[in-house]
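Here's the structure we're looking at; comments come further down.
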Amino acid sequence: MATVQAFARRPQTGELIAAKLNQVSKNYGAVQALKNFSLDVRAGELTAVLGPNGAGKTTAIKLLLGLVRPTSGRVSVFGGDPTALETHLRVGAMLQVGRVPESLRVREHIDLFSSYYSQPLPMKQTLAIAGIENLRDRKFGDLSGGQKQRVLFALAICGNPDLLFLDEPTVGLDVEARHLLWDEIRQLLTLGKTVVLTTHYLEEADALADRVVVINKGSMIAEGTPQQIKARTAGKKIRCVTRLSAVVVQALLGVIDVQDDRGTMVIHTSRPEDVLRELLNQDLDISGIEVAGAGLEDAFLALTQEKAN
Amino acid sequence: MATTAISPAAITMKPNVFSICLKETKYEALKCLRLPMYSVSTIVFPIMFYVLFGLIMGRQNIGNISTTTYLIAAYGTFGVMGASLFGTAATLASERGFGWLEVKKATPMPPFAYFLAKVVMSMIFSATDVVLLLILGTAFGGVHLPALVAAKLLLTLVAGSLPFCAMGLAIGYFAGPTSAPALINVFYLPMSFCSGLWIPFMFLPKFIQKIAIVLPPFHLSQLALGLVGAGNGGSSRVHWEALVGFAMICLGIASAGHQRDQKAHG
C-alpha cells in the first residue's frame with residue numbers, strides 16, 4: 001500500500017529481543033500480580049499474552065511501559081529503561097481506559113498525540129492505517145464502541161513506534177469490529193513492527209500471534225506458537241459413571257485431568273477416541289457417557305493443572 | 001541472547017517541548033470551552049450575577065464607589081476562583097480516575113506539560129472573565145476606571161488565580177472522578193460567600209467577617225478592591241503573603257497526592 005510505505009522505518013528480524021521482563025514480581029499491597037514472570041518480546045513479531053481476567057496481563061504491559069515499577073526483577077525495553085524518554089519515543093500503547101475526553105474531535109486527539117513524538121506519521125496516514133478517515137471531524141463522545149477503539153489504536157500508532165502494546169484491544173467489540181481491528185494489526189506486522197497484545201480470547205491469539213504466552217495468577221503456564229498452545233488446550237471433556245478409579249484413568253494415554261463431579265467422572269483429554277476405547281474396554285458397566293468440547297476455561301484449567309503436576 | 005541488539009540511540013531528534021505545551025494548552029482550552037459544565041459555571045455565572053446585581057439592581061454606592069465598580073472586583077474574584085478550581089480539579093480528577101492520565105503517561109509527553117496546560121488554560125478563562133466584566137461595567141454600568149488601574153486589576157486577579165489552581169490540583173488528586181465537581185462546590189460556594197464576594201464584606205455578620213480573614217478569596221478580593229478604592233485598608237503585602245502561603249500548602253497536598261498515586265503504581 002503506497003500510503004503506508006514511510007511507516008516501515010526499520011525492518012527487524014525475529015531473532016532480536018525488543019523488550020524483556022526478567023524474573024519480575026509485582027505486588028500491589030498484599031496482592032501478587034506477577035510472580036517471577038519472564039517474557040522475551042522478539043522484534044518484528046506479535047507476542048500474545050493470553051490469560052483470564054486478573055491473570056496479570058495488564059500489569060505486564062504496564063511494567064513494559066514504565067507505568068509501574070517491579071517489586072523485584074528487571075524490565076528492559078530496547079535494552080534500556082522503560083521510563084526513559086528515548087524509550088517512550090519508540091513505543092506506542094493502547095491501554096484500557098474508562099473515559100477519554102469526549103469533547104475533542106478525532107483529528108484533534110491525533111494532532112496532540114502526534115506532537116509528542118519526534119517523527120510522527122502524517123495525519124492522513126494515521127487515519128488511513130486505523131481506517132477512520134471518515135471519523136476525522138467527529139467528536140470522540142459521539143463514536144460507537146468499535147470506532148472509539150480504532151481511534152485509541154490510531155493514538156497508539158501515530159508516533160510511528162517500533163514497538164506497540166495493545167492491552168485487550170478488542171474487548172467488548174462485536175465480531176465485525178474485532179476482525180477490522182485484526183486486519184489493521186496484521187498490516188502493522190507486515191511493516192516490521194513489534195507488537196505485544198493481551199487478550200483473553202484464544203481465537204484472537206491464534207489469528208494474530210507468532211508466539212503465545214499463557215499466563216494465570218501471575219505466572220506463565222505455557223509458551224509456544226499458537227499451534228503448540230492449541231494442541232495442548234484443544235481437548236475434549238468426557239463425562240461418565242464408571243467403577244474405574246481416578247488413578248487408573250489418569251494413567252491412560254492422553255488424559256490431562258480427572259475430576260469427580262458428584263459421582264460422575266469428568267475426564268479432560270487431548271485424545272478422546274483413545275480414552276473412550278480404553279474406558280469401554282476396561283469397564284463393561286460404564287454408563288452416562290457424554291463428550292463435549294472443552295472451553296477456554298477448561299483449557300486454562302488443563303494448562304494450570306499440567307503446570308502444577 | 002543479546003538484549004541490547006536494537007540500539008536505543010536510533011532516535012536522536014527530540015520533539016519540541018514548547019510546541020507540545022502550546023498544543024496541550026490549546027486542546028485543553030477547546031475541551032473545556034465545549035463542556036457546558038465548565039464554560040457555564042466559570043464564565044456565564046459571574047457575568048450573569050454582574051448583569052443582575054450590578055447593572056440591573058445596583059444603583060447605589062457601596063462605601064465610596066459605585067456598586068458596578070465594586071462588583072467587578074468581587075465577581076472578578078469569584079470568576080477567577082471558579083475558572084481555576086473547575087479547570088484543574090474537575091479535569092484532573094476525571095482523567096486520573098478514568099485512566100486517561102495513564103494513557104498520556106505512556107507517551108513521550110513531558111508530564112509538566114499536562115499540568116502547565118491546565119493552569120494556563122485556567123488563567124485564560126480567568127482573564128476572559130475579568131475582561132468581560134470590565135467591558136460590561138464600562139459600557140453599561142458607568143464604571144470609569146483609568147486604563148492603568150484596569151490593567152492592574154486584570155493582572156492582580158490573573159496572578160491571584162494561581163493559588164486556586166494549586167487548590168484545584170490538590171482537590172483533583174484526592175477527589176473521585178465523578179465526585180470532583182460536587183467537592184469543588186463544597187469549598188467554592190461557602191468560601192465565596194464568607195469572603196464577601198456575593199454580599200459586600202462590610203454587610204456580613206461579624207462572626208463571618210472573622211472567618212473571612214483565613215479564607216484566600218477574601219485576600220484576593222481585598223487586593224482587587226484596594227485597586228478600585230474599596231479595600232478595607234489592610235496591607236496588600238499581607239494579602240499576597242496569605243495567598244502565597246495558601247498556594248504552598250495546596251501544592252504540598254497535591255504533591256502528597258501525586259506521591260500516593262506513584263506509590264500505588266509501584
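Chain letters run A, B, ... following the sequence lines, proteins first, then strands; residues in each count from 1.
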Donor-acceptor pair, distance only, cut-off 3.5 Å: does the side chain of A/R99 make one with the backbone of B/F98?
no
Taking the six-membered ring for Trp, are A/F113 and B/W100 parallel (under 30°), tilted (30 to 60°) or perpendicular (over 60°)?
tilted
Largest heavy-atom contact set with chain B, pairs under 4.5 Å, which of A/V100, A/L85, A/L112
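Of A/V100, A/L85, A/L112, A/L112 has the most heavy-atom pairs under 4.5 Å with chain B.
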Counting heavy-atom pairs under 4.5 Å with chain B, the top scorer among A/T71, A/T59, A/L95, A/T87 is A/L95
Criterion side chain to side chain contact (heavy atoms under 4.5 Å, CB included) on B/E24 and A/Y116, from CA distance to verdict
CA-CA 10 Å; B/E24 196 73 39; A/Y116 300 153; 2.6 Å; yes
Other residues, nucleotides and ligands only: do more than 12 of their heavy atoms fall within 6.0 Å of [atom1] on [X]?
| X | atom1 | value |
| --- | --- | --- |
| B/F45 | CZ | no |
| B/M248 | CE | no |
| B/F112 | CZ | yes |

Greatest number of heavy atom pairs closer than 4.5 Å to chain A - which of B/T107, B/V103, B/L30
B/T107
Between B/S94, B/C32, B/A106, which shows the greatest number of heavy-atom pairs under 4.5 Å with chain A?
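Counting heavy-atom pairs under 4.5 Å, the top option is B/A106.
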Does the pair B/R34 and A/L104 meet the rule for a side chain to side chain contact (heavy atoms under 4.5 Å, CB included), with working shown?
CA-CA 8 Å; B/R34 289 179 191 154; A/L104 288 184; 3.9 Å; yes
As a quick check of understanding, evaluate side chain to side chain contact (heavy atoms under 4.5 Å, CB included) for B/K105 and A/K62, giving each step before the final call.
CA-CA 11 Å; B/K105 279 183 176 168; A/K62 287 186 178 174; over 6 Å; no
Could you look at A/L63 and say if it's the side chain, the backbone, both or neither that has a heavy atom under 4.5 Å from chain B?
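Looking at A/L63, nothing touches chain B.
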Can you tell which part of A/N22 gets under 4.5 Å to a heavy atom of chain B, answering side chain, backbone, both or neither?
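Interface part for A/N22: neither.
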State, with a plain yes or no, whether a side-chain heavy atom of B/P108 is found less than 4.5 Å away from one of A/Y117.
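Result yes, sub-4.5 Å side-chain heavy-atom pair found.
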Starting at [atom1] of [X], measure out to [atom2] of [Y] and round the result to the nearest 0.5 Å.
| X | Y | atom1 | atom2 | answer |
| --- | --- | --- | --- | --- |
| B/K31 | A/E108 | NZ | CD | 11.5 Å |
| A/S114 | B/K23 | OG | NZ | 7.5 Å |
| A/S115 | B/Y27 | OG | OH | 8.5 Å |

Begin from the C-alpha positions of B/K14 and A/E86 and carry the test salt bridge (charged side-chain N to carboxylate O under 4.0 Å, His left out) through to its verdict.
CA-CA 9 Å; B/K14 294 264 190 298; A/E86 293 73 30; 3.4 Å; yes
